[in-house]
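The chain is numbered in sequence order, starting from 1.
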Amino acid sequence: MCQTDHGVSVSISRKWSAISICLLLLSLSLGITTQAMANDKGPLIAAAANVKLALDTIIADYHRDTGANIRVTYGSSGNFVAQIQHGAPYELMLSADEFYVNQLAALGFTQGEGHIYAIGRLALVVPHGSPLSLDAELNGLKLLLAKGELKRFAIANPKHAPYGERAVEVLTASGNWPRIQNKLILGENVSQALQFALSGSTQGGIVALSLVQHAEFKQHGRYIALPETWHKPLNQRMALIKHASIQAKDFYEYLLLPQTQQTFTEFGFTAAVTGER
């Protein structure tokens with residue numbers, strides 16, 4: 001049972017097997033620090049929830065290429081800002097947009113303004129069996145709302161999750177915002193929003209395109225990418241924290257290499273703005 005910011009309890013659909021639930025939660029688990037080897041901790045980085053699938057792959061590649069380890073905690077960008085200001089031992093932050101890294105830079109917590117490492121996309125997702133049709137213009141959502149058949153819809157909390165902020169912009173641009181506001185279930189971050197969207201207690205949701213680029217997702221739902229013109233760009237910026245180690249700096253540079261950028265694109269991102277380098 002999951003509790004949302006609106007106090008709505010969400011039960012995982014019984015049609016999912018216990019094994020399927022465990023697999024999905026493992027693939028999208030958040031707030032958990034992972035490391036390659038217990039005997040070599042490596043620098044600790046904070047990363048937005050939406051980059052988990054891509055970044056786990058990149059960290060494995062980095063370990064293969066260098067033998068070095070990276071630890072990472074996934075969560076919402078806004079929460080990481082607060083944690084870093086209160087002394088959390090992160091050496092590098094990968095935000096879901098520019099705002100939060102710029103905020104840290106303005107406060108003097110980072111080594112410069114950092115770089116854009118990827119550009120994010122949004123997707124409309126629906127669980128199997130949902131009456132909500134998939135279309136990039138969100139006309140199916142508008143029809144379901146007009147008929148009074150949409151009960152619950154999931155997005156990340158726009159107060160501290162950039163993908164939640166952009167979801168609100170999309171719902172506004174598509175003309176769905178007035179009717180859908182009281183139907184929302186808010187995830188603590190975009191990964192939890194995806195869990196809610198596929199739980200069987202919602203008819204769907206708007207999440208990060210990067211989180212649906214894995215085989216496990218296809219067992220539980222369908223998706224369609226949404227127009228980038230409906231929201232402000234999701235320029236995902238990263239920056240080294242003041243006390244960052246040499247190894248953290250090395251990984252930072254690794255994230256901007258062409259082969260690493262290719263990995264980001266394979267997981268639904270647009271490559272970073274190379275002109276910044």
Side-chain angles (χ1 to χ4, degrees), residues 19-77 79-80 88-97 115-121 123 125 156 161-163 187-195 198 207-221 223 234 236-238 240 247-248 250-272:
I19 293 176
S20 294
I21 294 171
C22 288
L23 284 172
L24 186 61
L25 293 180
L26 278 172
S27 68
L28 298 174
S29 59
L30 300 167
I32 297 175
T33 301
T34 49
Q35 63 187 73
M37 297 175 63
N39 61 354
D40 182 9
K41 295 173 65 176
L44 178 61
I45 69 175
N50 73 295
V51 300
K52 178 173 171 50
L53 298 178
L55 194 60
D56 281 352
T57 298
I58 290 167
I59 288 173
D61 291 343
Y62 179 73
H63 178 69
R64 180 201 62 210
D65 294 343
T66 68
N69 298 316
I70 299 293
R71 296 178 297 152
V72 57
T73 298
Y74 295 99
S76 67
S77 300
N79 286 342
F80 283 138
Y90 299 118
E91 298 184 41
L92 169 63
M93 178 177 168
L94 280 70
S95 180
D97 75 348
H115 285 90
I116 295 172
Y117 63 93
I119 301 171
R121 296 285 307 277
V125 298
Y163 276 78
E188 179 66 15
N189 47 62
V190 71
S191 183
Q192 188 178 67
L194 176 58
Q195 294 176 35
L198 298 180
V207 301
L209 178 62
S210 59
L211 288 180
V212 297
Q213 306 293 303
H214 61 105
E216 178 65 18
F217 173 82
K218 295 178 182 179
Q219 299 179 32
H220 308 296
Y223 73 90
L234 279 157
Q236 303 203 188
R237 185 174 290 271
M238 65 177 177
L240 288 159
Q247 188 177 334
D250 184 68
F251 184 65
Y252 176 92
E253 292 296 327
Y254 188 85
L255 290 169
L256 294 171
L257 294 177
Q259 65 264 32
T260 308
Q261 288 293 298
Q262 179 60 34
T263 301
F264 279 120
T265 62
E266 290 169 359
F267 281 91
F269 294 95
T270 301

Is it the case that the side chain of [X] and the backbone of [Y] share a donor-acceptor pair, with hydrogens and angles ignored and the cut-off at 3.5 Å?
X    : Y    : value
S210 : N50  : yes
E188 : A193 : no
Y90  : V72  : no
S95  : S77  : no
Q247 : I70  : no

From [X] atom [atom1] to [Y] atom [atom2], the distance as rounded to the nearest 0.5 Å:
X    : Y    : atom1 : atom2 : answer
T263 : L257 : OG1   : CG    : 10.5 Å
R237 : H115 : CZ    : NE2   : 8.0 Å
L55  : T260 : CG    : OG1   : 10.0 Å
M93  : T73  : CE    : OG1   : 12.0 Å

Is [Y] close to [X] at the side-chain level, that is, under 4.5 Å between some pair of heavy atoms?
X    : Y    : value
L211 : V125 : no
Y223 : Q213 : yes
V212 : L209 : yes
F264 : Q236 : no
K52  : D56  : yes

Quick one: do I59 and H63 satisfy side-chain contact (heavy atoms from CB on, under 4.5 Å)? Show the steps, please.
CA-CA 6 Å; I59 288 173; H63 178 69; 5.6 Å; no
Among all residues two or more places apart in sequence or in another chain, which pass the ring pair (Phe, Tyr, Trp, His ring centres under 6.0 Å) test with Y62?
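Expected list: F251, Y254.
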Check L198 against H220 and note the closest heavy-atom contact, atom names and distance.
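So the minimum-distance heavy-atom pair works out to CD2-O, 3.9 Å.
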Y74 vs N189, test: side-chain contact (heavy atoms from CB on, under 4.5 Å). Steps then yes/no.
CA-CA 9 Å; Y74 295 99; N189 47 62; over 6 Å; no
